[in-house]
Amino acid sequence: MPTLDKVTVDLMVVLGTTTMPIHQVLRLSRGAIIELDATEADEVKVLANNLPVASGVVLVDRNRMAVEVKQMLPRTTGTR
C-alpha cells in the first residue's frame with residue numbers, strides 16, 4: 001500500500017472531560033490539576049481526525065503509557 005504511506009491521521013485519546021467557567025480556564029498555569037469525570041478504570045475514546053473510531057484502556061509500564069484498543073466503533077453515515 002505505498003499510496004497510503006504519506007497519509008497522516010491526527011489521533012487523540014480522550015481520558016475524560018470536565019466543564020469549567022472561562023475565568024477558571026484563564027487562570028490555569030503550568031502544573032495545574034484538572035479533575036476529569038472519569039476514573040482510571042474507565043475506557044478511553046480514540047479519535048481519528050476528531051471522529052470517534054475506537055475505545056480502549058490505558059496501560060502504564062514504568063514511565064510509558066499506551067492505549068489498548070478494546071473495541072472498534074461502527075462507522076457513521078457520511079464518514080469514510
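Computed from a prediction, not measured in an experiment: that's the story for all the values here.
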Visitor: Write out all pairs satisfying side chain to side chain donor-acceptor pair (under 3.5 Å) with one or both partners inside residues 46-59, taking only residues at least two apart or from two chains.
Guide: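 Non-adjacent pairs meeting side chain to side chain donor-acceptor pair (under 3.5 Å): Glu43-Ser55.
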Visitor: Mind jotting down which residue pairs meet the side chain to side chain donor-acceptor pair (under 3.5 Å) criterion with at least one end in residues 21-34? Sequence neighbours excluded, please.
Guide: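 Checked against side chain to side chain donor-acceptor pair (under 3.5 Å) - neighbours excluded - the pairs reaching residues 21-34 are His23-Arg27.
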Visitor: Listed by chain and number, what are the salt bridge (Lys or Arg N to Asp or Glu O under 4.0 Å) partners of Glu35, not counting sequence neighbours?
Guide: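 With sequence neighbours excluded, Glu35 shows a salt bridge (Lys or Arg N to Asp or Glu O under 4.0 Å) to no residue whatsoever.
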Visitor: Holding to side chain to side chain contact (heavy atoms under 4.5 Å, CB included), I want the full list of residues that pass it with Ile22, two or more places apart in sequence or in another chain.
Guide: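 Once residues adjacent in sequence are excluded, the partners of Ile22 under the side chain to side chain contact (heavy atoms under 4.5 Å, CB included) criterion are Val25, Leu26.
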Visitor: Is Met12 reachable from Met72 through a run of I, L, V, M, F, W or Y residues, each pair having side-chain heavy atoms under 4.5 Å apart?
Guide: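 The answer is no; the residues belong to distinct hydrophobic clusters.
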Visitor: Of all the heavy-atom pairs spanning Ala38 and Gly16, show the shortest one and how long it is.
Guide: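 Heavy atoms of Ala38 and Gly16 come nearest at CB-CA, 4.2 Å.
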Visitor: Check the hydrophobic clustering (I, L, V, M, F, W, Y; side-chain heavy atoms under 4.5 Å; chains of links allowed) and say if Val14 and Ile34 are grouped together.
Guide: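 Different hydrophobic clusters.
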Visitor: Give every residue pair that meets the side chain to side chain donor-acceptor pair (under 3.5 Å) criterion with at least one member in residues 7-20, sequence neighbours excluded.
Guide: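 Checked against side chain to side chain donor-acceptor pair (under 3.5 Å) - neighbours excluded - the pairs reaching residues 7-20 are Thr17-Asp37.
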Visitor: Report the residues that fulfil side chain to side chain contact (heavy atoms under 4.5 Å, CB included) with Ala48, sequence neighbours left out, ordered by chain and then residue number.
Guide: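 Counting only residues at least two positions away or on another chain, Ala48 forms a side chain to side chain contact (heavy atoms under 4.5 Å, CB included) with Val9, Leu11, Val53.
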Visitor: If the condition is side chain to side chain contact (heavy atoms under 4.5 Å, CB included), which residues does Glu68 pass it with, not counting sequence neighbours?
Guide: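 Checked Glu68 against side chain to side chain contact (heavy atoms under 4.5 Å, CB included); matches are Val57, Leu59, Lys70.
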Visitor: Please enumerate all residues that pass side chain to side chain contact (heavy atoms under 4.5 Å, CB included) together with Val58, with sequence neighbours excluded.
Guide: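 Applying side chain to side chain contact (heavy atoms under 4.5 Å, CB included) to Val58 gives Leu15, Val44, Val60, Met65.
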Visitor: Tracing side-chain links under 4.5 Å among I, L, V, M, F, W and Y, which residues wind up in one group with Leu73?
Guide: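 Via sub-4.5 Å side-chain contacts, Leu73 links to none.
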